[in-house]
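Worksheet for the structure shown next.
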Amino acid sequence: MAAIEIDLYSDTTTRPTAAMRRAMAEAEVGNEQAHEDPTVNKLVEMAAELTGKEAAVFVPSGTMCNAIAYRVYCRQGDEVILDKTAHPIHAEAGGPAALSGAMLNTLDGIRGIFTGEQVEAAIRPYKRNRPRPKVVSVEQTSNSGGGSVWPLETLRGVSEAAHKHGLALHMDGARLMNAAVASGRKAREFTELCDSAWVDLSKGLGCPIGAVLCGSVDFIEEAWRWKHQFGGAMRQAGIIAAAGVYALENHVERLAEDHENARLLAQGLAQIPGIELDPPEIETNMVFFTVDGTGLTVQQLYDRLLAQGVRIGTGDGKRMRAVTHLDVTRAGIEKAVEAVRNAVAGRV
Ligand SMILES: *Cc1c(COP(=O)(O)O)cnc(C)c1O
């Protein structure tokens, strides 16, 4: 197998840059769980400011942010309302059931995005024998939706519907900053409509680890309890928080390059016979496509690309998924398109 030269598998494949590593090496540190780590304290203040929330807590992963938030909102048998493609349903090892005992009530959104009317329709009138809906959960951007950005007005409708019925609104902000940059909005315009929201540092922002969960003082106080219980309370975590501080200061605006590269990739792929973009719109850093018309399976195309040093994920098995990030250049995108062209034409 050739070495992977251009890795479009995920925006989690980024490696810390030299400058980020320097910031990590030089970080001031202390005991995180006693709030004595100055770098963690700085990071959580930055994240709270970014999301317009009172408080924030540093957590090892986005998955743990979702787990903690659901645990704060739900007791066994309570219900989370979310899109059928949402990450906690497909990629968190059954966490909502295992850790919060939560029922999941799925909505049929378009590209991962649903409306306030759909939320209203999903909330059953109270009866003693029904699960109690507690939280609506949205994903900004929607991963399976193809990196789609929740429009502010749609999110407002969902927020109003949830709050009208006494439910909380939680945002999985794995790619919140991509949404902010692509829409030209401030992140807080979206998150101020939510009761809790988190930002992933280890996706497009390029950190090796970490996410920050934000909310009210009361919410974060409760979140700390579950962070301890789930084993996410840390010690000299400033070493990794420094990467987050560095990323929020230096890696946000550049996400526009990733979006431009994703569009370039999509344009190139769309010209290859048998490849269909699905969805056709490229809003942020993801490109999903089907390969049925090429006569190849997803796995065959994957193997033929790998043989040329290009990795593109096999996605959900029907669509391949390419994700741009800070370790992929424009020249890399051109090479990747060429590799797909070669693979489809059988020149591998
Ligand atoms: C990656 C991802 C997560 C989980 O984040 P980790 O930091 O990898 O645990 C949650 N939601 C979405 C939409 C994601 O893409």
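All ligand and atom numbering here is 1-based and tracks the order in the structure. Position 1 is the first residue of the sequence; numbering continues from there.
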Compile the protein residues with any heavy atom at a distance under 4.0 Å from an atom of ligand 1; present them by chain, then by number.
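Heavy-atom contacts below 4.0 Å: S61, G62, T63, H87, E92, E139, N143, D172, A174, R175, W198, D200, S202, K203.
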
Heavy-atom side-chain proximity of R75 to S100 below 4.5 angstrom:
no

Given side chains that start at C-beta, do those of D7 and V328 come closer than 4.5 Å, heavy atoms only?
no

Note: [X]-[Y] ion pair, threshold 4.0 Å (strictly below):
X    : Y    : answer
D11  : R175 : yes
E49  : R188 : yes
R156 : E153 : yes

Under a 3.5 Å threshold, yes or no: a donor from one side chain and an acceptor from the other, between H259 and E283?
no

